[in-house]
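The structure under discussion is supplied below as structure tokens; questions concerning it will follow.
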Amino acid sequence: MVYYIKRSDYMLDATQLRDLLYTALSTGADFAEVFCERTHHNSILMISSKIENIGDTVSSGVGIRILKGTSSVYASTTDLSREGLIRCAKKVAQGLVGLPQNISINLTPVTHKYIHDVKIMPDNKSHKTDILKEAYFAARNYHESISQVSGSFVDTDRNILIANSEGLITEDRQIRSRLVISSVASKDGENQSGNCSPGAHAGLEYFQNPKHIGEEASRQAVTMLTAGYCPAGKMPVAIENGFGGVIFHEACGHSLEATSVGTNRSQFCGRLGTKIANEKVTAIDDGTIKNGWGSCNIDDEGSPTQKNILIENGILTNYLIDRLGSRRMGMASNGCARRQSYAYEPTSRMSNTYIANGPDKNSDIISSIDYGLYAKQMGGGSVNPVTGEFNFSVTEGYMIRGGKICEAVRGASLIGRGSDILMDIDMVGNNLERAQGMCGSSSGNVPVDVGQPLLRVSSITVGGR
Amino acid sequence: MEYNEFKNIVIEEAKKSGVEDYELYYKSSSSDSVEVFDGKLNSFASDVSGGICLRVISNGKMGYASTEYLCEDEARAIVHRALTNAAFIESDDDVFLYKSGDEYEVINHEHRIPDTDSMIKSALSCYNDAINTDPRVTSSTESGCVSAKTTVSIYNSNGLDLTNTTSLAMSYVSAVVSDGDEMYTGFEFSHEAGSKLSSDAVYKAISTIGATVPQTCTVPVIISNTQMQSLLSTFSPVFSSDNAQKGLSLLNGREGTAVASPCVTIVDDPYFAPELSCPFDAEGVKTKTKTVVENGVLKTLLYNLKTAKKAGVKTTANASKASYASPVGIAPYSFYIKAGEYSFEKLLSLAKNGVYITEIKGLHAGANAVTGDFSLESSGFMIENGKIASPIRSFTVAGNFFELLKKIDAVGHDLRFDIPQGVSSFGSPSVLIDSLTIAGK
């Protein structure tokens, strides 16, 4: 038996949408938008070798936005009654003072190509439990020093409908699945942890080898247990592919979002067409990658996602621009408006962002370093887009001596400025891979991919002790 | 559909389905925020939301289902979803729905939520005050006001029927200052709007002008009250008994032993801030104030009904739900390091030569509560001969939280709290650490 509400009942009808748009426009806005969402969040959590919790949540609501020039007003509600929705639209209108402009709304449905097909819908809890357990016990049984493992299988079924005063009405369904394994290794009163958490805009077919995911999490924890502390200082660093791409995401990506650029709060303002990175660096944000974790068919303003080349051979070629950013910057928006949910006003965000393969051989990159750090696994990081100062943590690092990878080191972090590090990436390898993360910013937490091949930063401050 | 109507349908469906033990947790909130940028009202946002979490006990297992979609079909559906979910649970932990009977504190707080117009006025004047503080302040400066009111209701089949309201109102200024080609930022917030807020934010930005990267060194370090509260917040999961019992906190089994320097006392107080006062926790148990660390000795971890039963102690009433839909976990209320006897000037003279840290970044990535290790990008000032000297930036401070607690040499008297996260709020005075490694040049 299926206990879920039918999908056809999910959203508001065209008449209701038009009423809300007109109400929102009633005080002089030049643009109005209604965003409806119903998302089913599911999770299975395992800890101490047992299933401890099943999460099962329907989030449901509507967000209404108006724009006038470069000002915006946003209101959201979970009250979907006719009165509740009109109250929400009126609340938005109250954010402006004035008479309505002469705007007539003709809603015309727009359908988009569904790029991210799902072969096995993640709606069978037993099947998901099997995948989770295979990964979980592979992690648990990896080594005698593994003292705890927590694992979860998380999936979302996100249904959105967007209508705006320019006549657009469009829908999307976004199915995402992710397996998260965190292992803890303990010895002599000390803990070390390791993580592996792949995911995709796809269903259960994505998880072909769950055992490997569990083993990878435990391998990191066990390796770090015997590691000494990383020495501090400035040195060359080789950053491995996959999650190593967080370096670009933090050091540069956020500073290329219209949220920063359009408000003059970025070090890359006014730099289009100029060299901001070493010529070996080409960086791309691509929301269209088939089944990519950060991909969508349409963005949260209803525009198709795009492949945007941000930096080409070191030259800044584009920014990430949403509708409001487009007004502020006088440039076209490019399909990157995102929001965590109906409760957030959308803004420019990254999707799948990566540094493309370069000209160098990976073995040459390691052998070129006489004394430095090999950052095999990166944790997360953050950046101040105004100053460009960033930091990120190295969860699995090794010293490089005489061109060879030597002992493992723990507790390292990399810090610097975006504009400096982009110039200092002086070797780029050819094993591009992407990895999954959640990115937090003003419009909430959204799934993103980061990525890169192995690359070398000629000199960067390594925090250690 | 109103919550009460939804609740009655859930109860009816539960009875029809043979469910005897159930609980409904309802969280509704309304919030407004205004943001001023470039001297104009840049955005105004308003949110009204309500979510319901149903818990049912079936064959000794607890099943959850949650929703924001209030209609009859959904009210019936969540009963069956919760039952289906209970059947998947393997954990042998005892499950609880609390029985009524506690005598709860009565909170007589009048929640004063500013109206939209006064929020806009206040944000605009914060912006103008900031611009007028110094010619180097740029129009990229932002100011804003945020207000929120949240009501939690718990209703269960054991006769519990509780409601409590908390609120938040604050203003903030994020000042951007330019000097030559470089830009500098300073952020301040306050529960009271006023010109001091703006000048504090501007001063924070200006004081960092000309900051240089320090030499790598191991020196005495003062961590400012605002940054020590962030560290305490980041590492607060180590005080959770649930994490301890699962081997995810190194404080497991340490109750009654010294875990910090004798000058450190940590308190958890559900009534510290009147607007955040919580007479009951997320399981409906009456809350109380407790000393978690007293003169360096760990007195108690934080418990809920499940973990207390496992440990054979009484719950400390720290059951919490991160969102309405989250499983019952553990979190503190107003959780703070008690103010010490030292003025800030005295801390500086005790440090003599060292580093004063005023900003720590990237805590979500560079700090690990399971291991206690941190390695974090920081900025601040050199301390020379007991006085604040030149600004420094782009260095990391690395250490281990458990070692740090033991290395606190002196505690200031400038206790301050950060922006509340739900009903949790973290506070600390500035503290002097006998030595930490600073990695710079």
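Residue numbers start from 1 in every chain, and the chains themselves are labelled A, B, ... in the order their sequence lines are given, proteins ahead of strands. Here the structure is a predicted model, which means the values were calculated and not measured.
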Within residues 413-421 of chain A, residues adjacent to chain B where the heavy-atom gap is under 4.5 Å: A/Ser413, A/Ile415, A/Arg417

Report which part of B/Asp181 has an atom under 4.5 Å of a heavy atom belonging to chain A: side chain, backbone, both, or neither. neither

Against chain B, label A/Tyr342 side chain, backbone, both or neither, depending on which of its atoms sit under 4.5 Å from a heavy atom there. side chain

For a side-chain contact (heavy atoms from CB on, under 4.5 Å) with A/Asp56, tell me which candidate from B/Asn85, B/Thr84, B/Ile78 qualifies. B/Asn85

Select one option (side chain, backbone, both, neither) describing which atoms of B/Phe88 are under 4.5 Å from chain A's heavy atoms. both

Contact class of B/Tyr324 relative to chain A, heavy atoms under 4.5 angstrom: side chain

Going by heavy atoms in the side chains, are A/Asn391 and B/Thr396 under 4.5 Å from each other? no

B/Val176 versus chain A, the contacting section by heavy-atom distance below 4.5 Å: side chain

Partner set under ring-ring contact (aromatic ring centres under 6.0 Å, His included) for A/Phe153, not counting sequence neighbours: A/Phe207

Select, from B/Gly51, B/Gly372, B/Ser379, B/Ser140, the one with the greatest count of heavy-atom pairs under 4.5 Å involving chain A. B/Ser140

Worked verdict on A/Ser193 versus B/Asn368 for side-chain hydrogen bond (donor to acceptor under 3.5 Å, both in side chains): CA-CA 9 Å; A/Ser193 57; B/Asn368 183 329; 2.8 Å; yes

If one checks every heavy atom of B/Asp38 against chain A at 4.5 Å, the contacting part turns out to be neither

Tell me, for A/Glu52 versus chain B, whether the close heavy atoms (under 4.5 Å) come from the side chain, the backbone, both or neither. both

